[in-house]
Amino acid sequence: MSLPRVRFAPSPTGYLHVGGARTALFNWLFVKRHRGVFVLRIEDTDKQRSTDAHTQVILDGMRWLGITWDEGPYFQGDYAERHKADAERLLAAGKAYKDFLTTDELAEARSRIEASGGTFRYDRATLGLSAEEVVRREAAGAPYAIRFEVPQEEIAWDDAVHGRISWQGRDIDDFIILRSDGSAIYNLAVVSDDIAMRITHVIRGDDHISNTPKQIALYRALGAPQPVFAHVPMILGTDGKKLSKRRAAAAVGDYQDMGILPAAMRNFLALLGWSPGQEEIVSEPEMIARFALEDIQKKAAVFDTTKLEWMNGQYLSALPGSELLAPVTRQLQLLGVEWGNRDLLGVITAAKTRARTITHLAEQVAVRLDGSRVVRDEKGVALVAKMGERFPAALRLATVALQEVEWNPTAIEAALKALAEREGLKLGDVMQPIRVALTGGTVSEPVHELLAVIDRDDALRRLAATAAT
RNA sequence: GGCGCUAUCGUCUAGAGGCCUAGGACACAGCCCUCUCAAGGCUGGAACACGGGUUCGAAUCCCGUUAGCGCUACCA
């Protein structure tokens with residue numbers, strides 16, 4: 001195989017859909033595996049919906065995921081002349097014809113046939129105008145669309161993920177390739193561009209399977225070699241319906257906002273519809289080394305956010321705190337937290353194994369930096385209620401006991417254990433009040449580490465203040 | 001309606017005729033560890049849509065049924 005050229009061709013509709021992102025990822029993995037070329041083409045033919053801002057969102061999403069492209073972005077709208085020329089070439093070759101029926105006439109014929117219980121098919125013989133009528137309208141300068149004459153033959157291909165798929169030409173209506181305003185219809189534009197850009201492998205969503213025979217017919221009529229097609233399954237929401245922005249987080253940006261790491265998102269997406277074997281956490285080089293179109297699942301997959309978060313937690317705790325510095329900082333700024341010259345890195349490192357998302361981690365960090373942000377959760381409130389007077393008492397004792405202690409985890413732990421023994425308290429009755437006072441909840445790193453990560457003065461002041469209320 | 005695609009635990013999947021009393025992961029339950037939680041370890045429940053073939057033997061091959069999805073636009 002000569003070097004493959006693939007393309008990812010999103011429409012700029014305002015966001016990068018996770019399904020699109022995964023299609024892009026599969027294209028990317030394939031190209032990296034075979035050292036090919038990734039072409040990015042923005043399909044902005046729908047002028048009403050396309051804007052530069054929309055395009056930007058898609059590019060940002062791809063960059064965030066680390067999906068890089070080698071050529072482009074090209075804009076389909078820039079190739080209108082070529083599309084038109086291709087349509088006219090087909091017309092001249094007798095492989096397409098002029099259709100003078102107006103959209104109204106077409107709609108009327110359609111509703112008439114469907115009203116009588118029939119199935120509307122475009123049929124040149126019955127819908128086409130008489131020869132005289134065509135001549136008359138053409139002479140009058142009436143507008144016309146160009147319709148492709150679908151050959152009455154078998155159209156089949158060996159799909160890289162599905163195997164052989166076969167259609168009969170007679171099941172496909174002659175479809176319009178050029179509108180009466182001279183602009184190309186999707187199927188022509190795509191084929192024209194893919195030929196011009198010498199695309200060898202078309203890897204796209206399987207909602208395009210039914211477009212494929214039309215496109216193959218166009219490749220044949222245009223005398224161009226046919227690329228390899230690989231149709232990857234869709235991504236569904238938990239409700240089993242196509243993942244949509246209305247019902248769930250369907251945009252890559254949504255997950256970025258939730259505090260998902262790009263590497264985790266990439267890993268999760270790759271494993272939706274593809275599997276390298278038994279492992280769940282797969283590094284990028286490993287993915288590239290093992291990726292094959294033939295291993296892609298045929299069945300649609302449900303996007304399970306819970307598993308994504310688990311995976312993100314794995315990446316989070318495996319990542320050195322230093323690499324979390326930038327994203328956490330960004331979240332803290334969003335939360336309006338100040339940390340002055342405090343050891344942010346230390347706090348992040350202490351809190352990261354218990355967090356599943358950056359957002360969650362940042363909240364944990366915020367509480368350790370700023371006592372005023374402590375809000376008691378349900379379990380915290382319950383514990384305070386249950387302990388009654390013993391709660392502030394424990395805090396008072398701890399405040400005193402920690403006064404002269406060297407501020408490191410080992411010394412703090414020793415001091416608290418000694419305190420518990422001296423007072424005849426269970427260790428938990430000393431530790432839990434401190435945890436609740438400092439974080440508001442009953443979940444955190446070991447208490448001595450928690451204390452050490454907070455400044456001595458700050459920690460003692462917060463304990464005393466909580467004891468006093 | 002027509003045409004096409006799909007069908008393994010709740011979810012993501014392994015499985016390319018015997019290695020399957022169907023394996024792993026998430027989630028769930030229990031236990032261990034522990035001041036708590038997370039992580040980790042161990043244990044448990046949980047699936048080959050249904051019906052026919054083919055074969056000595058089928059989750060794997062063929063046919064049908066059912067269900068879901070896609071397309072059927074001068075949308076992309």
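Atom set for the values below is all heavy atoms of this structure, side chains included, hydrogens, waters and symmetry mates excluded. Quick note on labels: first sequence line is chain A, next is B, and so on, each numbered from 1.
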Nucleotide B:U36, atom P - distance to CE of A:Met387 in whole Å: 14 Å
Taking any heavy-atom pair under 4.0 Å as a contact, classify A:Thr442: base, sugar-phosphate, or nothing. base
Round to the nearest Å and state the distance from A:Phe75 atom CZ to B:A76 atom C1'. 16 Å
Show me the protein contacts with nucleotides 38-42 of chain B, counting only N or O atoms at under 3.5 Å.
from  : atom 1 : to       : atom 2 : distance (Å)
B:A38 : O2'    : A:Thr353 : O      : 2.9

Distance below 4.0 Å between A:Arg179 side-chain N/O and B:C75 OP1 or OP2: yes
Choosing from B:C35, B:C74, B:A76, which nucleotide comes nearest the side chain of A:Arg147? B:C74
Students often get this wrong, so: under 4.0 angstrom with heavy atoms, is A:Ser166 touching a base, only sugar-phosphate, or nothing? sugar-phosphate
Answer with yes or no whether A:Ser180 presents, from its side chain, a donor or acceptor under 3.5 Å of a partner atom in the base of B:C74. yes
With no hydrogens and no angle check, do the side chains of A:Arg396 and A:Thr466 hold a donor and an acceptor under 3.5 Å apart? no
Can a side-chain donor-acceptor contact be found between A:Asp193 and A:His83 if the only test is distance below 3.5 angstrom? yes
Integer-rounded Å distance: B:C37 C1' and A:Gln432 CD: 9 Å
Can you tell me which residue among A:Trp274, A:Trp28, A:Phe30 is in a ring-ring contact (aromatic ring centres under 6.0 Å, His included) with A:Phe291? A:Trp274
Starting at CE of A:Met311 and ending at P of B:G24, how long is that distance when rounded to a whole Å? 17 Å
Contacts under 3.5 Å, N or O only, protein and nucleotides 10-13 of chain B:
from  : atom 1 : to       : atom 2 : distance (Å)
B:C12 : OP1    : A:Val302 : N      : 2.9
B:C12 : O2'    : A:Leu271 : O      : 3.0
B:C12 : O2     : A:Lys307 : NZ     : 3.2
B:U13 : OP1    : A:Gly273 : N      : 2.3
B:U13 : O2'    : A:Ser275 : OG     : 3.4

Heavy atoms under 4.0 Å, any strand shown: does A:Pro213 hit a base, just sugar-phosphate, or nothing? nothing
Over 60° means perpendicular and under 30° means parallel, so classify the ring planes of A:His17 and A:Tyr15, tilted if in between. tilted
Would you kindly give the CZ-to-C1' distance between A:Phe148 and B:A73, to the nearest whole Å? 18 Å
Sugar-phosphate only, base, or nothing, as touched by A:His448 at under 4.0 Å among non-hydrogen atoms: base
Closest to side chain of A:Ala145, choosing from B:C5, B:C74, B:U36: B:C74
Which of these nucleotides, B:C35, B:U6, B:A76, is closest to any side-chain atom of A:Ile185? B:A76
Using atom P in both nucleotides, what's the gap between B:G52 and B:A14 to the nearest angstrom? 28 Å
Pair A:Thr357-A:Glu309, side-chain donor/acceptor within less than 3.5 Å: no
B:C28 versus B:U65 - spacing of their P atoms, nearest Å: 41 Å
Whole angstrom is fine here: how far is it from CG in A:Asp173 over to C1' in B:C74? 14 Å
Output the rounded distance in Å from CD1 (A:Ile281) to C1' (B:C26). 11 Å
Distance check needed: B:U72 C1' versus A:Arg170 CZ, whole Å only. 16 Å
C1' gap between B:G18 and B:C5, integer Å: 31 Å
Protein and nucleotides 62-71 of chain B: nitrogen or oxygen contacts under 3.5 angstrom:
from  : atom 1 : to       : atom 2 : distance (Å)
B:C69 : OP1    : A:Lys241 : NZ     : 3.1
B:G70 : O2'    : A:Asp207 : O      : 3.1
B:C71 : O4'    : A:Ser210 : OG     : 3.2

Between A:Phe268 and A:Phe303, what is the ring plane arrangement, given parallel below 30°, perpendicular above 60°, and tilted in between? perpendicular
Give the C-alpha distance, both sets of side-chain angles, the deciding distance and a yes or no for side chain to side chain donor-acceptor pair (under 3.5 Å) between A:Asp181 and A:Ser183. CA-CA 6 Å; A:Asp181 69 1; A:Ser183 64; 2.7 Å; yes
Closest-nucleotide ordering on RNA chain B, the 5'-leading residue of A:Tyr186 and A:Val161: A:Val161
Is a side-chain donor or acceptor of A:Trp407 paired with a backbone partner of A:Leu451 at a separation under 3.5 angstrom? yes
Are A:His208 and A:Tyr186, when compared by the centres of their aromatic rings, separated by less than 6.0 Å? yes
Say you pick atom P in B:C42 and the same atom in B:G4; how far apart are they, in whole Å? 49 Å
